[in-house]
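Quick caveat: nothing in here was measured; it's all calculated off a predicted structure.
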Amino acid sequence: MDTRNRLYIISSFVLGIVLTLGFKDLYPDLQHHFRICHHVTLPAPRDIAAAEEIKDGIEGCIGNTPLIRIKSLSDATGCEILAKAEFMNGAGNSPKDRVALNIITAAEQNGLLTPNAGDVIYEGTVGSTGISLAAICRARGYTAHICMPDDQATEKSDLLLRLGAVVERVRPASIVDKNQFVNRARTRAQEHTNSQEKPGRGVFADQFENEANWAAHFEGTGPEIYAQSGGRVDAFVAGAGTGGTISGVARFLKPLLPDMKVVIADPQGSGLYNRVKYGVMFDPKEREGTRRRHQVDTIVEGVGINRVTKNFEAGRELVDDAIRVTDEQAIDMARWLVEKDGIFVGSSSAVNCVAATQLAKQLGPGHRIVTILCDSGTRHLSKFWKEAGVIGGGADLKLDHVFNAK
């Protein structure tokens, strides 16, 4: 290599170093100019550390669900109809995530459950509680054994199996029958505990009577609604299966908002409407010989019952009123929510929204009503949404149709 080429290479190398050092000094100014031109604000290193929020497992995705304004219902009634989007809980995608986690945590604290020791949690449920239990059991080192009526939507049992739960489908029966699904779960738990062959113990979750149920909503759902609404709620509307949601939320909110109305949304065939209105658990549809499928004569799943539970009684004195919702009204509301808002929910959520809208009409414009969106419609395709049919889009639905459906 001659001298000229050597000098050229050395000069290029030195020039590269000079340009690099110069750009390094100039870079902060270029970066600042870019931020100004493009309206970009980058956090300082200490802000990045403070903003970092990593959830600890699937349990960390439970709670703090959004409170959303249902635009079509709010605009139609002149009230703000707000819904707690409980389908966004991250384990089983329903408010039962809160309950299942609280029941399991309480059992662990009481020494009834030991992770990875063969313990099994038994529960009788129509679906959502079982799904939440199955997911959280897997995360905590347990197995879920779910007893459920065999007339429930098949999506629920299919999902339970995919989550590793044992599923036992039983014929619908009265609560006084030892083979009723809740009683069957209680028996299975005791059989497990007494068995010499099975490892670990059986624990009956007992969602209907276990007060960890309403406590989950007293400690979580209620405070969240109060904070997200800025403490302004004129009415809270919810259905009741176990009664945990309405009792827990009412017990938290009523002392803070004594003028707030608590209203139960009850499907046809359930006795809770009459329990609140008249103090008795009886519905004419439940006369001997008139029952079509099971204790609550409706296609709605997850809410409605014909017996008194500890969880409902824990807040019953705080419930001011009840609204009856027919299957047809629930179906029409579910269709309305899809067509007007793109919200695809299950039957119990539709019942809640019918009752919230009817209450808005009673109260008049200017009020704020909070209700619950429980789970997605994907769990109800083979039953409730089979009745609702396919949404064609652009249908001329009227809210009066929801009210006047027979």
Side-chain angles (χ1 to χ4, degrees), residues 58-59 61-62 86-87 89-107 113 119-173 175 179-189 192 202-210 212-213 216-217 239-245 294-296 300-305 309 311 346-349 374-384:
I58 197 68
E59 302 98 316
C61 300
I62 297 172
E86 287 292 276
F87 59 84
N89 281 300
N93 311 123
S94 82
K96 297 301 185 181
D97 278 2
R98 301 175 186 267
V99 175
L101 180 59
N102 212 35
I103 288 174
I104 291 173
T105 300
L113 289 172
D119 291 344
V120 177
I121 298 176
Y122 294 80
E123 183 59 299
T125 167
V126 297
S128 290
T129 303
I131 292 166
S132 296
L133 281 171
I136 299 170
C137 277
R138 281 298 169 189
R140 304 281 271 235
Y142 313 112
T143 299
H145 183 122
I146 305 302
C147 299
M148 64 188 302
D150 62 9
D151 62 349
Q152 300 300 294
T154 57
E155 293 90 343
K156 296 179 181 181
S157 58
D158 289 345
L159 180 54
L160 283 165
L161 291 170
R162 270 60 179 186
L163 288 169
V166 176
V167 179
E168 188 174 352
R169 295 180 71 105
V170 302
R171 290 301 304 161
I175 189 65
N179 289 317
Q180 192 262 2
F181 65 101
V182 175
N183 295 333
R184 179 74 68 88
R186 181 187 291 105
T187 299
R188 291 285 188 250
H192 184 142
V203 174
F204 178 45
D206 199 14
Q207 62 166 328
F208 289 89
E209 309 301 327
N210 191 330
N213 182 341
H217 297 289
T242 64
T245 302
H294 47 77
Q295 66 164 346
V296 179
V300 172
E301 296 179 355
V303 292
I305 195 171
T309 68
N311 278 286
S347 54
S348 56
S349 302
C374 305
D375 61 2
S376 167
T378 56
R379 293 184 186 170
H380 303 262
L381 291 174
S382 66
K383 188 176 176 183
F384 178 75

E123 (side chain) donor-acceptor with T125 (main chain) under 3.5 angstrom: no
Pair D375-H380, side-chain donor/acceptor within less than 3.5 Å: yes
Closest approach of R169 to D150 (non-hydrogen atoms, all atoms of both residues): NH2-O, 2.9 Å
Over all atoms of both residues, closest heavy-atom pair of A100 and S132: CB-CB, 3.8 Å
Steps toward side chain to side chain contact (heavy atoms under 4.5 Å, CB included) verdict (N213, N102): CA-CA 7 Å; N213 182 341; N102 212 35; over 6 Å; no
pair I131-I146: side-chain heavy atoms closer than 4.5 Å: no
NZ/NE/NH1/NH2 to OD/OE distance under 4.0 Å, R98 and E86: yes
Heavy-atom closest contact (C374 atom, P95 atom, distance): O-CD, 3.2 Å
Nearest-0.5 Å distance that lies between atom OG1 in T309 and atom CD1 in I175: 10.5 Å
Beyond-backbone contact of E168 with V170, side-chain heavy atoms, under 4.5 angstrom: yes
Gap between atom CG of N89 and atom CD1 of I62 - 0.5 Å precision: 6.5 Å
Atom pair OH (Y122) and NE2 (H145), whose distance is rounded to the nearest 0.5 Å: 6.0 Å
Separation of S94 OG from F87 CZ (nearest 0.5 Å): 12.0 Å
Shortest non-hydrogen separation from R186 to N183 and the atoms involved: NH1-OD1, 2.9 Å
Salt-bridge contact K383-E155 (side-chain N to carboxylate O under 4.0 Å): no
Closest approach of A91 to D97 (non-hydrogen atoms, all atoms of both residues): N-OD2, 2.9 Å
Working for side chain to side chain contact (heavy atoms under 4.5 Å, CB included), residues R140 and T105: CA-CA 10 Å; R140 304 281 271 235; T105 300; 3.5 Å; yes
Residue pair Q207, T242: steps toward the side-chain hydrogen bond (donor to acceptor under 3.5 Å, both in side chains) verdict: CA-CA 7 Å; Q207 62 166 328; T242 64; 4.8 Å; no
Beyond-backbone contact of P149 with Q180, side-chain heavy atoms, under 4.5 angstrom: no
Verdict with supporting geometry, L113 and Y142, side chain to side chain contact (heavy atoms under 4.5 Å, CB included): CA-CA 8 Å; L113 289 172; Y142 313 112; 3.6 Å; yes
Test item: V182 and F204 side chains (from C-beta on) under 4.5 Å apart, heavy atoms: yes
Step-by-step side chain to side chain contact (heavy atoms under 4.5 Å, CB included) determination, F208 to I305: CA-CA 11 Å; F208 289 89; I305 195 171; 3.6 Å; yes
Smallest separation among heavy atoms of N311 and G244, with atom names: CB-N, 3.9 Å
Between OG1 on residue T129 and CE on residue M148, distance to nearest 0.5 Å: 10.5 Å
Nearest-0.5 Å distance that lies between atom CD in E209 and atom CG in D206: 5.5 Å
Passing option when C137 is tested against V120, L163, I104 for side-chain contact (heavy atoms from CB on, under 4.5 Å): I104
